[in-house]
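Below you'll find the structure, written out as structure tokens, and then a few comments.
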There are 2 protein chains.
Amino acid sequence: MSTAQETTGGEVEPWEQVTPDAARRLLVAAVEAFAERGYHATTTRDIAGRAGMSPAALYIHYKTKEELLHRISRIGHDRALDILRTAARAEGSPSERLAEAVRSFVRWHAGRRTTARVVQYELDALGPDARAEILALRRQVDAEVRGIVEEGVAAGDFDVPDVQGSTLAILSLCIDVARWFNVEGPRTPDEVGALYADLVLRMVGAAPATP
Amino acid sequence: MSTAQETTGGEVEPWEQVTPDAARRLLVAAVEAFAERGYHATTTRDIAGRAGMSPAALYIHYKTKEELLHRISRIGHDRALDILRTAARAEGSPSERLAEAVRSFVRWHAGRRTTARVVQYELDALGPDARAEILALRRQVDAEVRGIVEEGVAAGDFDVPDVQGSTLAILSLCIDVARWFNVEGPRTPDEVGALYADLVLRMVGAAPATP
DNA sequence: GCCGAAGGTGAGCGCTCGCTTAGTGTGCCG
DNA sequence: CGGCACACTAAGCGAGCGCTCACCTTCGGC
């Protein structure tokens, strides 16, 4: 679905799909500013300044400040969904696919923390229409994870009394990484991903992956 | 430490300690407004209006809008720490104490969602000094949970390869409840608390509590 | 070499923000 | 009953906000 090409590690700067160049620079500047200070505390002058442009230039490429947030949120959710879909539809047992889903999802939230933070925590700043569009994507995100859990239960690999509750908890655990992860901290995104994959397998009552 | 009296259920409206009455009404109004729209999107006129007062009245009781957030954050963190301390220092095995800590901590984040949301997500809006004070409280929160986990490992009840990482994950899971919990949703705070206590015991490799 | 489109700027409009100030009503003390 | 401390309001200040507008460059096509 996404036209951005995958790299070997599965990590992409997804902003390449945004053209022209000036529009992309503004978008990246907005992601940084929103992640640092929050949407409402960020000024259009700050965004334009970070992109090396005058405040008025922003409005050549975007109708409003909210449209910037909408575009960021849309692209980010598309990417997050893409990551989960790739893991969910890979080959392997439900345990392996759930572990890989958590691993790559967490890696994205830690490694692309600024983007993830905006995507996950600034939803309320969107208007009703944009908000509804994003919420639909979130339901698809939920469905992907729930699908793996259900398959694991059906196969007898998982022991999960409350599938929807556990799915919610798994996603919640992964998403909150964007809140606390610190690039200067002791853990790399890969390490957090591995730790979390193990914890999630325990949560669903599967034997820890020992490949 | 806290002067607010406990009720039977352990749930307290902690604002009773705030006097005079007008100052408390303003504080409660600010909690609601900050939780709904976020700190930066909330105006002092909105807070005063919710409390049934003129905008100027706010400044009789609080020096700035930020002082309101500081007071809320302080009281909320005190309460959260109190909840965890009570559970950590109760009688019982590490499994029982960890389950009770998670149960009551989650119950607070769900049941007092508006307060918890402000407390957990608006930290960055505080100035450096207030921020440092709150971060010190958060380290104590972390230490309480880590203490229980360490005792469980020492007693051979838990199987935890990375104590600090698992502690972080447990707290992260609980805190994120404030983000997604919906009062109109299908689960009560008690139900989420019970579900999460079970999930956390699985995460630390303890047998599920079967009382 | 001229032209229009595309992409940019400097100045600034109208508005709302956090916060202040001068003045008002109320109740308690002597 | 006079006086005064206190809690509060009406009005508004200076600043900074999102956004607009008139104008300026640059550049490919004919």
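FYI, side chains are in, hydrogens and waters are out, and symmetry mates aren't considered; it's all heavy atoms of this structure. Quick note on labels: first sequence line is chain A, next is B, and so on, each numbered from 1. Computed from a predicted structure; not experimentally measured.
- Taking atom CG of residue B/L58 and atom C1' of nucleotide C/dT21, one finds them 16 Å apart after rounding to whole Å.
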Practice task
Go through B/R103 and B/E100 one step at a time and tell me if the salt bridge (charged side-chain N to carboxylate O under 4.0 Å, His left out) criterion holds.
Solution key: CA-CA 5 Å; B/R103 203 156 31 225; B/E100 179 53 27; 3.2 Å; yes
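- Of the side-chain N and O atoms in B/Y59, one or more sit less than 4.0 angstrom from OP1 or OP2 of C/dC19.
- Atom CG of A/L68 and atom P of D/dC17 are 16 Å apart (whole Å).
- Between A/I60 atom CD1 and C/dA6 atom P the separation is 12 Å, expressed in whole Å.
- Protein atom CE of A/M53 is 16 Å distant from nucleotide atom P of C/dA6, rounded to whole Å.
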Handout entry: Residue pair A/D21, A/R24: steps toward the salt bridge (charged side-chain N to carboxylate O under 4.0 Å, His left out) verdict
Key = CA-CA 5 Å; A/D21 181 71; A/R24 179 171 53 248; 3.2 Å; yes
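- Comparing atom distances between the B/A57 side chain and each of C/dC19, D/dT9, D/dC19 picks out D/dT9 as nearest.
- Each of B/R45 and B/P20 was assigned the nucleotide of DNA chain D with the nearest heavy atom; the assignment lying further toward the 5' end belongs to B/P20.
- Using a 4.0 Å heavy-atom distance criterion, B/S54 is classed as a base contact.
- Of the candidates B/R117, B/Q120, B/R179, B/Q120 is the only one forming a side-chain hydrogen bond (donor to acceptor under 3.5 Å, both in side chains) with B/H109.
- Rounding to whole angstrom units, OH of residue A/Y62 and P of D/dT20 are separated by 16 Å.
- Rounded to whole Å, atom C1' of D/dG18 lies 13 Å from atom CD of A/E66.
- Considering only side-chain atoms of A/T44, the nucleotide from D/dG18, D/dT20, C/dC17 that sits closest is D/dG18.
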Practice task
Show your working on side chain to side chain donor-acceptor pair (under 3.5 Å) between A/Q140 and A/H77 and close with a plain yes or no.
Solution key: CA-CA 10 Å; A/Q140 293 183 57; A/H77 274 88; over 6 Å; no
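- In this structure, the NZ atom of B/K65 is 14 Å from the P atom of C/dT20, given to the nearest Å.
- Residue A/H61 places none of its side-chain N or O atoms closer than 4.0 Å to OP1 or OP2 of C/dA6.
- One can place CG of A/D21 at 18 Å from P of D/dT26, the figure rounded to the nearest angstrom.
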Handout entry: salt bridge (charged side-chain N to carboxylate O under 4.0 Å, His left out) between B/R107 and B/D190, worked out
Key = CA-CA 6 Å; B/R107 205 164 46 208; B/D190 274 341; 3.7 Å; yes
